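Here is the structure we will look at, set down as structure tokens.
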Amino acid sequence: MLGAMIKPVRPPRKRAAALLAWYDANRRDLPWRARPGEAPDPYAVWLSEIMLQQTTVATVKGYFARFLARWPTVEALAAAPPDEILAAWAGLGYYARARNLHACAVRVAQAHGGRFPQSEEELRALPGLGPYTAAAVAAIAFDAPCAAVDGNVERVMTRLHAIAAPLRAAKPLIRARTEEMLPPARAGDYAQALMDLGATICTPRAPACGACPLAPDCAAFAAGAAEAYPVKAKKAEKPKRRGAIFILRRGDAAMVTRRPPKGLFGGMTAFPATPFTRDVAPGDWLDFAPCAADWRTLPEPVAHVFTHFALQATVFVAKTRKVSPPGVDCRWAAAGDLDKEGLPTLMRKAAARAGLL
DNA sequence: CAGCCGTGGCC
DNA sequence: TGGCCAAGGCT
């Protein structure tokens with residue numbers, strides 16, 4: 001009877017074997033993923049990992065295909081004008097990723113002879129690669145024995161071990177639990193297996209525990225409380241802000257400008273606008289117009305929700321006959337070419353509202 | 001180190 | 001409909 005109260009959990013190595021067996025039978029076929037037995041392309045692995053940061057697989061697929069077709073190698077990407085990369089990234093969000101993408105490509109091309117370094121430490125030193133991405137590229141592209149801990153893994157591990165501490169405090173334990181299962185070989189498959197499990201079985205809501213290869217070991221499942229994990233801190237209330245976007249028409253063209261290199265939409269092409277990082281009172285809006293003109297507001301403001309605030313942007317439109325754009329970094333963009341300019345989604349909404357798209 | 005940084009889809 | 005979520009990194 002001794003031990004009758006102890007849950008018969010398999011040792012980490014057995015759990016990993018069960019996970020890898022499940023992965024071999026259920027792995028997702030993704031465009032950036034090497035087929036079994038084929039060598040992964042480190043460039044494709046890296047590019048996909050950057051795009052997938054806080055971004056869904058469905059959204060990334062189109063961007064990944066376009067980038068890989070246009071810039072097939074890291075050298076090609078390094079040689080591309082940063083503006084073209086930013087424009088191609090438009091709509092994907094978190095534009096610092098695009099700036100770091102190019103900076104990283106240049107570094108790999110120049111300092112590493114066009115080959116990605118294989119160690120987690122060297123990868124971690126590249127722009128845009130944090131703890132997760134460095135480990136993921138090392139494991140997936142080079143089979144280095146590294147544990148890549150992302151949101152999927154955090155969910156799987158907090159459930160597997162019923163880790164009730166809030167996520168931030170739980171991170172060291174989650175890492176230890178992930179590393180203890182790391183198989184000596186197949187580190188890349190292990191990383192991808194955990195992500196596939198998190199994406200298809202161990203989902204945030206309504207997890208399919210009945211189909212989970214780790215269910216026999218899962219403390220949360222045993223307690224019937226899988227959905228209770230991970231425990232997250234309360235989120236701050238999302239502020240509501242107001243602002244304005246200015247569309248200056250000159251015949252068929254509209255004035256666009258280059259956003260400052262950092263901050264919201266850093267480096268992107270956009271219409272002139274009030275600051276969005278704070279609420280700007282309607283009475284102050286015209287202070288930020290690119291020039292004096294007969295500015296008319298469109299009837300309905302454009303609504304756009306960012307990660308940490310919700311914006312209601314009133315769109316102003318005016319016509320001018322001046323030949324030269326009124327500001328530094330300003331130029332005229334033909335309405336028919338606006339698609340190629342690579343406008344962030346908020347600016348596309350404004351253009352559409354003004355009838356330019 | 002908590003705040004900043006996009007977007008689209010889901011229920 | 002609004003909150004939550006998705007393969008995080010930077011400062």
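Please read all numbers here as calculations on a predicted model, not as lab measurements. Values below: every heavy atom of this structure, side chains too, minus hydrogens, waters and symmetry copies. Per chain, numbering begins at 1; letters A, B, ... match sequence-line order.
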### Message
What is the separation between atom CD on A/Q54 and atom C1' on B/dT7, rounded to the nearest whole Å?
### Response
11 Å
#### Entry: A/L126 CG to C/dG9 C1', straight-line distance once rounded to whole Å
13 Å
### Task
Please confirm whether any donor atom in the side chain of A/R97 sits under 3.5 Å from an acceptor in the base of C/dA7, or the reverse.
no
### Query
If each of A/D196 and A/V305 is mapped to the nucleotide of DNA chain C with the nearest heavy atom, which maps nearer the 5' terminus, i.e. the 5' end?
A/V305
### Message
With no hydrogens and no angle check, just 3.5 Å: does a side-chain donor-acceptor pair link A/E49 and A/Y132?
### Response
yes
#### Entry: A/Q192 and A/R33 side chains, donor-acceptor separation under 3.5 Å
yes
### Task
Would you mind classifying the nucleic acid contact of A/V57 as base, sugar-phosphate or nothing, using non-hydrogen atoms under 4.0 angstrom?
base
### Task
Identify which nucleotide among C/dA7, C/dG9, C/dG8 has an atom closest to any side-chain atom of A/P131, counting heavy atoms from C-beta outward.
C/dG9
### Query
Would one find a side-chain N or O of A/H304 under 4.0 angstrom from OP1 or OP2 of B/dT7?
yes
### Atom pair CG/CG of A/L160 and A/L19 - distance to nearest 0.5 Å
10.0 Å
### Query
Taking the six-membered ring of A/Y190, is the NZ or CZ of A/R186 close enough (under 6.0 Å from the centre) and on axis enough (within 45°)?
no
### Query
Picking from C/dC5, B/dT7, B/dG6, which would you name as closest to the side chain of A/T307?
B/dG6
### Query
Taking OP1 and OP2 of B/dC5, is either one under 4.0 Å from a side-chain nitrogen or oxygen of A/H308?
yes
### Task
Take atom P in B/dG9 and the same atom in B/dC5, then report the distance between them in whole Å.
24 Å
#### Entry: Check: B/dG6 base within 3.5 Å donor-acceptor of A/T55 side chain
yes
### Query
For A/Y95 and A/R205, take the nucleotide of DNA chain B holding the closest heavy atom to each; which residue's nucleotide lies nearer the 5' end?
A/Y95
### Task
Check the distance between C/dG2's P and A/F306's CZ and give it to me in whole angstrom.
17 Å
### Query
Nearest to the side chain of A/K262 - C/dA7, C/dT11, C/dC5?
C/dT11
### Message
Under 4.0 Å, heavy atoms only, any strand: does A/V153 hit a base, just the sugar-phosphate, or nothing?
### Response
nothing
### Query
Within less than 4.0 Å of OP1 or OP2 of C/dG8, is there a side-chain N or O belonging to A/Q53?
no
### Query
B/dG3 and C/dA7: how far apart are their P atoms, nearest whole angstrom?
23 Å
### Task
Could you check how far CD1 of A/I174 sits from P of C/dG8, rounded to whole Å?
13 Å
#### Entry: Whole-Å gap separating C1' (C/dA6) and OH (A/Y63)
15 Å
### Query
Can the ring centres of A/F306 and A/F265 be said to be less than 6.0 Å apart?
yes
### Query
With a 4.0 Å cut-off on heavy atoms, is A/L30 in touch with a base, just the backbone sugar-phosphate, or nothing at all?
base
### Query
Among side-chain atoms of A/N100 and A/R97, is any donor-acceptor pair under 3.5 angstrom?
no
### Atom pair distance, as rounded to whole Å: CD in A/E227 and P in B/dC11
13 Å
### Query
Does any donor-acceptor pair link the side chain of A/T133 with the base of C/dG8 at a separation under 3.5 Å?
no
### Query
At under 4.0 Å between heavy atoms, what does A/G91 touch on the DNA or RNA strands: base, sugar-phosphate, or nothing?
sugar-phosphate
### Query
On DNA chain C, nearest-nucleotide positions of A/E49 versus A/P127: which is more 5'?
A/E49
### Query
Which part of the nucleic acid, if any, lies within contact of A/L92, taking any heavy atom under 4.0 Å across all strands shown: a base, the sugar-phosphate backbone alone, or nothing?
base
### Task
In whole angstrom, give me the gap between the P atoms of C/dG9 and B/dG8.
22 Å
### Query
With under 30° as parallel and over 60° as perpendicular, where do the rings of A/F246 and A/W295 fit, or are they tilted in between?
perpendicular
### Task
Can you tell me the distance, in whole Å, between the CZ atom of A/F276 and the P atom of B/dC5?
12 Å
## Note on the structure
Between CG of A/L167 and C1' of C/dG8 the distance, given in whole Å, is 12 Å
### Query
A/R155 side chain N/O closer than 4.0 Å to the phosphate oxygens (OP1, OP2) of C/dC5?
no
### Query
Within the pair A/K235 and C/dC5, is there a side-chain N or O less than 4.0 Å away from OP1 or OP2?
yes
### Message
Check the phosphate of C/dC10 against A/Y94, side-chain N and O only, distance under 4.0 Å to OP1 or OP2. Yes or no?
### Response
no
### Query
What nucleic acid atoms does A/W89 come within less than 4.0 Å of, heavy atoms only: base, sugar-phosphate, or nothing?
nothing
